[in-house]
There are 2 protein chains.
Amino acid sequence: MAEPSARERDPEAVSQFVEGFAAQLVEAGMQRMPARVFAALLASDSGAMTSAELGEQLQVSPAAVSGAVRYLAQQHMVSREREPGSRRERYRVHSNQWYEALTNRDAVLKRWETALRAGVDSLGPATPAGRRLSETLAFFEFIDGEVAAMMERWRAHREKLFGDDA
Amino acid sequence: MAEPSARERDPEAVSQFVEGFAAQLVEAGMQRMPARVFAALLASDSGAMTSAELGEQLQVSPAAVSGAVRYLAQQHMVSREREPGSRRERYRVHSNQWYEALTNRDAVLKRWETALRAGVDSLGPATPAGRRLSETLAFFEFIDGEVAAMMERWRAHREKLFGDDA
DNA sequence: CGCTTCTTTCAGAAATTTGTGAAGTTAAGG
DNA sequence: CCTTAACTTCACAAATTTCTGAAAGAAGCG
């Protein structure tokens, strides 16, 4: 392990982190290519890369990058920018933005809640199964409320640690 | 929609919920068969089913059930019971247990943190990318701490809603 | 002990997912 | 306008995943 100088970026080290972190994201249920693209962006100095740069670093075709980026943008984990006067697009992770996106996982929660409500309704709130589903539903509703408060606390905490540059 | 009587269980309604909820879990990254098995257990009156019952309701082979159940048990989302004096096994969801399992997702968090620390270390804490990774790491560390407290609050809340039968 | 019942393992077939190359689309710049 | 650079879409090939059937492995019970 060479001590990393702030001056030069070791592509080998970058790649190692990117692939390792992406693997963890994959294990948590994310698709491979979006995970790799996302990790690459996280590990970039500017926080933004072009399609070509991503393709080169990850050794994949433009088509693959395009698909991955579309997915990430839908999940609000990256945003697209177009530098005016160029058809080149840049994809960027705003640090903040993506915590909020993780929180957007509560879009997932909402869908779970909907499915559970339908279950309670059709099985009957008074049946044992219905009661179990109700309780599960209550859990998710509780979590929903907590997450918002938690993110608020994070913002305060973050400011204390890093200052509030956005 | 017929009004559900507490007396009879409509297999059609059950199946509808099971497949619907399972689909949501799949979309959130869970494998299909474990998701279906889990949903079936959630929707059962007793909260427990045998391998044969699961196979019949889901129309899959014993092998498929076996694999799914192994996965769920590893994730601590169900527990296995063996009624003494029978080689028949029952798989059960303890409502509580599985919230805690969802929380166990913080095993996932821990691995993310490990990967991020490695990244900060190898890219250099003073580099722009290193700083971004540090902040991300700080976020996850923060979440870690919050989750525990949140689950504590949930238990209190739950007790208020349902009483504390475990 | 051996029979029977249930569960697990394993190899392979089927289905799904994933990434590529090539053609199509959009928009900048001459 | 026409050219050209970039991104996207699409059909297909490859790889991976998922489930099954069959055989092997436990464990109760006579």
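Just so we're on the same page: letters track the sequence lines, and every chain starts at 1.
Residue V65(A) is classed as having no contact, given no heavy-atom separation below 4.0 Å to the nucleic acid. Across all strands shown, E83(A) has no heavy atoms under 4.0 Å from either base or sugar-phosphate atoms.
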For DNA chain D, the dot-bracket notation using Watson-Crick and G-U wobble pairs below 3.5 Å, [ ] for pseudoknot-type crossings and | for other-strand pairs, is ||||||||||||||||||||||||||||||
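If you measure from atom CG of L58(B) to atom P of dT20(D), you get 10 Å, rounded to the nearest angstrom. Taking atom OH of Y71(B) as the reference point, atom P of dT17(D) lies 14 Å away to the nearest angstrom.
Between R88(B) and E53(B), none of the side-chain N atoms (NZ, or NE/NH1/NH2) sits under 4.0 Å from a carboxylate O, so this pair counts as no salt bridge.
Among residues two or more places apart in sequence or in another chain, the side chain to side chain donor-acceptor pair (under 3.5 Å) test is passed with D144(B) by K110(B). In this structure Q24(A) satisfies the side chain to side chain donor-acceptor pair (under 3.5 Å) test together with R111(B), sequence neighbours excluded. Remark: R36(B) pairs with E19(B) by the salt bridge (charged side-chain N to carboxylate O under 4.0 Å, His left out) rule, at least two apart or across chains. Scored by the side chain to side chain donor-acceptor pair (under 3.5 Å) test, E56(A) finds no partners at all (sequence neighbours excluded). Judged as a side chain to side chain donor-acceptor pair (under 3.5 Å), and not counting sequence neighbours, the contacts of R153(B) are E146(A). Every residue was checked against the ring-ring contact (aromatic ring centres under 6.0 Å, His included) condition with Y71(A), not counting sequence neighbours, and none meets it.
For the OP1/OP2 pair of dT18(D) and a distance below 4.0 Å, the side-chain nitrogens and oxygens of Q31(B) include at least one atom meeting the criterion.
The stretch residues 32-40 of chain B touches DNA chain D through M33(B), each having a heavy atom within less than 4.0 Å of the strand.
With 3.5 Å as the limit, one finds no donor-acceptor pair spanning the side chains of R155(B) and N96(B). For the residue pair E89(B) / Y91(B), a side-chain donor-acceptor distance below 3.5 Å is found, with atom types taken as modelled.
Aromatic ring pairs are classed by plane angle as parallel below 30°, tilted from 30° to 60° and perpendicular above 60°; the pair F17(B) and F21(B) is parallel.
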Going 5' to 3' through nucleotides 22-30 of chain D and flagging B where a protein heavy-atom sits under 4.0 Å of the base, S where only the sugar-phosphate is that close, and - otherwise, we get ------SS-
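In terms of position along DNA chain C, the nucleotide closest to R90(B) lies nearer the 5' end than the nucleotide closest to the other residue of the pair R90(B) and Q59(A).
You can see that DNA chain C meets the heavy atoms of chain A within a 4.0 Å-exclusive cut from dT18(C) to dG29(C), reading 5' to 3'.
For residues 64-74 of chain A, no residue pair satisfies the salt bridge (Lys or Arg N to Asp or Glu O under 4.0 Å) rule, not counting sequence neighbours.
Among all heavy-atom pairs drawn from S46(B) and A48(B), the shortest one is OG-O, 3.0 Å.
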Show every donor-acceptor pair shorter than 3.5 Å between a side-chain atom in residues 27-35 of chain B and any protein atom, with sequence neighbours excluded, or say none if there are none.
none

